[in-house]
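Notes to accompany the following structure.
Ligands are counted one by one from 1 in listed order, and the atoms in each one are counted from 1 as well.
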Amino acid sequence: LSYPLGMTAAGLRCRKSIYQWMTQIQKSNSKLVTQHYLGKTIENRTMYYLQISQPSDKTKKIIWMDCGIHAREWISPAFCQWFVKEILQNYKSDPRISRFLKNLDLYILPVLNIDGYIYSWEKDRLWRKNRSPHMNGTCYGTDLNRNFNSSWGSIGVSYNCSSEIFCGSGPESEPETRAMAQFIERKKSDILCYLTIHSYGQYILTPYGSTTKPPSNSEELVGDKNFGPLKIIAKGTGTDDNAVPILDLQMHVAKKASAALMGKYGTRYEVGSTSLILYSNSGSSRDWAHMIGIPFSYTFELRDKGSHGFVLPPDQIQPTCEETMLAVTTIIDYIDQKYF
Ligand code: PAY
Ligand code: ZN
């Protein structure tokens, strides 16, 4: 087979397999897992999310996690699937998982940008955006992580539709963004944590990207005797000369998560707000989720640091998922202990 044909065959496999996996995982765990409609993509594909809920009379709170906002970040949908599998395999034997499932429901969206994801398998491995046509079909794609209604279009975006960071024609101009935002908006009073999985860079990013101002719950640790001030270190300094001392609960929890992650294979993650440790951006889903009142909101940038970048070798899929699992369950566990 020539290379393009090979890509198409792989594309066909991937197009079917995540849908099939969702149906199968739901069927074989029907007491715990349900599959729900979220909306349609620009090319009319159906987006589903999975809900993992232990039957109970209690009203429970929600942890939301989405993967595959960006097409080329293949390790991200892989992690969402790994996460679901691990929870289902271990919820009886792992006391942490059994504990948090008593109070929390997990909502997992394995791929938001389905059209872009398939395009990255079939046509262009490094495609990032969705596949919406612009300017009479002369250019394609909006960056879904610049399209949310959080300081939309203000910084770290482009208005040029051929750019990788084109923010769209307006906030939530894209059906994928709109479907997810409307759903989360409806549920927001019950959602305690928003997680969005990207690659690469090895970061756990906290709000905000659009401003260097601290997030809303940054004062909550004031007066906590067991906890000293955290420092956010300005990127690129290599020292903490420019550090801004700040008490930030989301940072505190992210640090615990990165320590748990490192415990597995020694992989180092940097923790901090996007604007301070990466770059400024606006319209990201993470900023938006926190702005509408979700107390914990994080972007994960999974492996690696750039040697393979988006094309992470297959032998790193499992270790990446294993270590990320530890970080994510640390966050969920912290939230469970704090609220219940
Ligand atoms: O949520 O602020 C955020 C994360 C920022 C990401 C973004 O630009 O949307 C960072 C990039 C990403 O995962 O899309 C990083 C990768 C390596 C990229 O494409 O530059
Ligand atoms: Zn991304």
Side-chain angles (χ1 to χ4, degrees), residues 64-80 109-117 119-120 124-130 141-158 163-168 171 174 176-177 180-181 184 193-215 232 235 250-251 254 269-292 294 296-312 316 320 324 331:
W64 169 276
M65 180 163 74
D66 58 64
C67 291
I69 282 191
H70 289 138
R72 61 194 176 190
E73 300 166 11
W74 287 5
I75 187 64
S76 162
F79 177 69
C80 264
L109 174 65
V111 195
L112 177 68
N113 180 8
I114 305 175
D115 303 340
Y117 183 67
Y119 193 78
S120 73
D124 177 355
R125 174 65 186 84
L126 293 183
W127 188 259
R128 166 178 168 96
K129 302 182 285 179
N130 77 345
T142 294
D143 182 348
L144 299 178
N145 209 30
R146 299 291 182 279
N147 192 238
F148 285 80
N149 196 6
S150 45
S151 310
W152 179 86
S154 61
I155 193 165
V157 298
S158 167
S163 159
E164 293 273 58
I165 50 170
F166 174 52
C167 57
E174 307 308 301
E176 297 87 351
T177 315
M180 190 168 107
I184 291 182
C193 180
Y194 172 84
L195 298 170
T196 182
I197 312 295
H198 289 248
S199 73
Y200 59 93
Q202 296 173 199
Y203 297 105
I204 302 177
L205 300 167
T206 61
Y208 291 105
S210 60
T211 166
T212 51
K213 290 204 185 89
I232 293 177
K235 190 174 173 63
Q250 289 185 89
M251 280 280 287
Y269 267 58
E270 214 177 315
V271 171
S273 82
T274 298
S275 55
L276 286 171
I277 70 165
L278 192 57
Y279 44 61
S280 294
N281 64 11
S282 54
S284 73
S285 64
R286 189 260 347 278
D287 274 11
W288 173 80
H290 192 57
M291 277 176 192
I292 64 164
I294 296 174
F296 291 85
S297 186
Y298 297 109
T299 309
F300 273 73
E301 294 291 339
L302 304 188
R303 288 195 199 180
D304 57 11
K305 294 289 286 173
S307 8
H308 303 282
F310 305 111
V311 193
L312 193 68
Q316 290 201 42
T320 304
T324 310
I331 293 174

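- Side chain to side chain, Ser284 and Asn145 fail the donor-acceptor criterion of an N or O pair below 3.5 Å.
- Between Trp74 and Phe310 there is no side-chain heavy-atom pair separated by less than 4.5 Å.
- Close contacts of ligand 1 with His198, meaning ligand atoms under 4.0 Å from a residue heavy atom, involve 12 (C), 13 (O), 14 (O).
- Here is the list of ligand 1 atoms found below 4.0 Å of a heavy atom in Thr274: 2 (O), 3 (C).
- Against a heavy-atom cut-off of under 4.0 Å, Leu205 is close to the following atoms of ligand 1: 4 (C).
- Phe300 and Tyr298 have perpendicular rings, their planes meeting at more than 60° on a 0 to 90° scale where under 30° would count as parallel.
- Within the structure, the closest approach of Phe310 to ligand 1 falls below 4.0 Å when heavy atoms are considered.
- Using a 4.5 Å heavy-atom cutoff, the side chains of Arg128 and Ile165 are in contact.
- Ranked by closest heavy atom to atom 16 (C) of ligand 1, the top entry among Ser76, Ser199, Gly201 is Ser199.
- If you take SG on Cys193 and CZ on Phe296, they are separated by 7.5 Å, rounding to the nearest 0.5 Å.
- Nearest protein heavy-atom contact of atom 15 (C) of ligand 1 is Glu301 OE1, 3.8 Å.
- Counting protein heavy atoms only, atom 1 (O) of ligand 1 is closest to Thr299 OG1, 2.9 Å.
- Between His70 and His198, the angle of the ring planes goes over 60°, which puts this pair in the perpendicular group of the 30/60° scheme.
- Of the protein's heavy atoms, Arg128 NH1, 2.7 Å lies nearest to atom 14 (O) of ligand 1.
- Crowding of Lys213 atom NZ: a count of heavy atoms from other residues, nucleotides or ligands under 6.0 Å not exceeding 12.
- Side-chain contact between Asp66 and Tyr194 is present, with at least one heavy-atom pair separated by less than 4.5 Å.
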Please evaluate residues Asn147 and Glu174 with respect to the criterion side chain to side chain donor-acceptor pair (under 3.5 Å), reporting the C-alpha separation (whole Å), side-chain torsions for both, the decisive distance (0.1 Å), and the verdict. CA-CA 7 Å; Asn147 192 238; Glu174 307 308 301; 4.6 Å; no
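- Residue-level proximity to ligand 1 for Arg72 is carried by the side chain, the only part with a heavy atom below 4.0 angstrom.
- Take the N/O/S atoms of His70: the one nearest the Zn ion (ligand 2) is ND1.
- Residue-ligand proximity: Glu164 is placed with every non-hydrogen atom at 4.0 Å or more from ligand 1.
- Counting heavy atoms from C-beta on, the side chains of Ile294 and Ile184 come closer than 4.5 Å.
- Taking every heavy atom of Glu73 and a limit of under 4.0 angstrom, the matching atoms of ligand 1 come to 12 (C), 13 (O), 14 (O).
- When Tyr200, Tyr298, Phe300, Tyr279 are ranked by how near their heavy atoms come to atom 20 (O) of ligand 1, first place goes to Tyr279.
- Nearest non-hydrogen protein atom to atom 2 (O) of ligand 1 is Asn281 ND2, 2.8 Å.
- Rounding to the nearest 10°, we obtain 90° for the angle at the Zn ion (ligand 2) between Glu73 OE1 and His198 ND1.
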